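Structure first, commentary second.
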Amino acid sequence: VEVTKNCEIVFHLAGVKGSPKMTQLQPASFFVPTITFNTNMMEASRRNNVKNFLYTSSIGVYSPANVFNEDDVWKTFPSPNDKFAGWAKRVCELQAEAYKIQYNLKNFSIVRPANVYGPGDNFDPNNAMVIPSLINRAISGENPLTVWGDGSAIRDFIYSEDVAKGMLKVVQKNYNKPVNLGSGKG
C-alpha cells in the first residue's frame, strides 16, 4: 500500500514485454506477474484514494481482426499468440470494472496501445518485438531480411511519445472506458 501513498495519479505501466514466441514458451512468466502487478497496484491505489489510476492494457486482449473496436473485446477470445498475456490483461481490466461496481470508482482508466516503438526498445534477437527485430536484423547484415509469418499480417504501430500523450489526455479528461491507442493505419 505504501507505493501509492500520497499519490494523486498513478500511471500503471508495468508489464512483461516479449515476443509471441516467448509467450508461448514461457506463458507463466507473462501471466502471473501481469496479474500480480495489477492486483497490487490497483488495490493500493484504491486504498489510498488515488485521484486517477491509468491501467495500460494491450491490443493483445483482442481476437485477430482488421479493426479493433473497444466494445468488441468481450465478444471473442485473444489470439492463440496472445493467449496467456491477453487473458491476463483482460483479468486486470475486469478488476477495474469490479472496483467501479463495488466501490463506485470512476477514476480508473484503461488504454490499449497498439504496437509501440521508440527509444529504449528491446533489440534482443530472441525476444524483441517487430520493429526492433527488423532493425536488428538489418543492422547485422541479414540478407535477405527475414520477416515472420506469411506476409499477410497488417500491424498498427504507434510511437512511444504519442502513447504518452494519449495516456495524459485520457487521465486529464477522466475518461473511464477502454481506449485503443494507435495510428489507425495499417
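What you see is a predicted model, and the numbers here were worked out from it, not measured in a lab. Worth knowing before you read on, the calculation uses all heavy atoms, side chains too, and leaves out hydrogens, waters and symmetry mates.
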Any heavy-atom pair between the side chains of [Y] and [X] that's under 4.5 Å?
| X | Y | value |
| --- | --- | --- |
| Met167 | Leu13 | yes |
| Pro178 | Val111 | no |
| Leu94 | Trp74 | yes |
| Ser63 | Ser79 | no |
| Val116 | Pro113 | yes |
| Phe11 | Val171 | yes |

Straight-line distance of [X] [atom1] to [Y] [atom2], nearest 0.5 Å:
| X | Y | atom1 | atom2 | result |
| --- | --- | --- | --- | --- |
| Cys92 | Phe37 | SG | CZ | 10.5 Å |
| Lys185 | Ile158 | NZ | CD1 | 11.5 Å |
| Lys173 | Leu168 | NZ | CG | 12.5 Å |
| Phe84 | Ser29 | CZ | OG | 11.5 Å |

Using a 3.5 Å distance criterion without hydrogens, assess whether the side chain of [X] forms a donor-acceptor pair with backbone atoms of [Y].
| X | Y | answer |
| --- | --- | --- |
| Thr4 | Ala44 | yes |
| Asp156 | Gly182 | no |
| Asn136 | Ser133 | no |
| Ser140 | Arg137 | yes |
| Asn48 | Val1 | yes |
| Lys100 | Asn176 | yes |
| Thr56 | His12 | yes |
| Glu70 | Asn180 | yes |

Between [X] and [Y], which heavy-atom pair has the shortest distance, and what is it?
| X | Y | value |
| --- | --- | --- |
| Arg90 | Pro78 | CZ-CD, 3.7 Å |
| Pro33 | Ala28 | CD-O, 3.4 Å |
| Ser45 | Val10 | OG-CG2, 3.7 Å |
| Asp121 | Tyr117 | OD2-CA, 3.5 Å |
| Ser57 | Lys89 | OG-CB, 3.6 Å |
| Gly166 | Leu181 | CA-CD2, 4.1 Å |

Does Tyr175 have any ring-ring contact (aromatic ring centres under 6.0 Å, His included) partners at least two apart in sequence or in another chain, and if so, which?
->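 ring-ring contact (aromatic ring centres under 6.0 Å, His included) list for Tyr175, sorted by chain: empty.
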Quick one: list whatever passes ring-ring contact (aromatic ring centres under 6.0 Å, His included) with Phe77, sequence neighbours left out.
->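 Only Trp87 meet the ring-ring contact (aromatic ring centres under 6.0 Å, His included) criterion with Phe77.
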Around atom CD1 of Ile154, are there more than 12 heavy atoms of other residues, nucleotides or ligands at under 6.0 Å?
->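 Not buried by this count: 12 neighbours or fewer within 6.0 Å.
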Asp71 CG: over 12 foreign heavy atoms closer than 6.0 Å |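 Not more than 12 within 6.0 Å, no.
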Answer yes if the ring centres of Tyr55 and Phe108 are under 6.0 angstrom apart, and no otherwise.
->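 No; Phe108 has its ring centre 6.0 Å or more from that of Tyr55.
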Going only through I, L, V, M, F, W and Y residues with side-chain contacts under 4.5 Å, is there a path from [X] to [Y]?
| X | Y | result |
| --- | --- | --- |
| Val16 | Ile35 | no |
| Val3 | Met42 | yes |
| Ile9 | Phe53 | no |
| Leu105 | Val50 | yes |
| Leu145 | Ile139 | yes |

Could you go through the side chain to side chain contact (heavy atoms under 4.5 Å, CB included) check for Phe68 and Val61 one step at a time?
-> CA-CA 10 Å; Phe68 296 135; Val61 299; over 6 Å; no
Between Tyr103 and Arg46, is there a cation-pi geometry (under 6.0 Å to ring centre, at most 45° from the normal)?
->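 Checked: cation-pi criterion met.
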Trace of the side chain to side chain contact (heavy atoms under 4.5 Å, CB included) decision for Phe157 with Ile131 = CA-CA 9 Å; Phe157 295 101; Ile131 290 180; 3.4 Å; yes
All pairs passing side chain to side chain donor-acceptor pair (under 3.5 Å) where residues 105-116 contributes a residue, at least two apart =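 Residue pairs with at least one partner in residues 105-116: Tyr62-Arg112, Glu93-Arg112, Asn104-Lys106.
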Classify the side-chain pair Asn38/Gln95 by whether it contains a donor and acceptor separated by less than 3.5 Å.
->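 Gln95 and Asn38 do have a side-chain donor-acceptor pair below 3.5 Å.
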Yes or no on side chain to side chain contact (heavy atoms under 4.5 Å, CB included) for Gln24 and Asn81, after CA distance, side-chain angles and deciding distance?
-> CA-CA 7 Å; Gln24 289 175 348; Asn81 288 340; 3.0 Å; yes
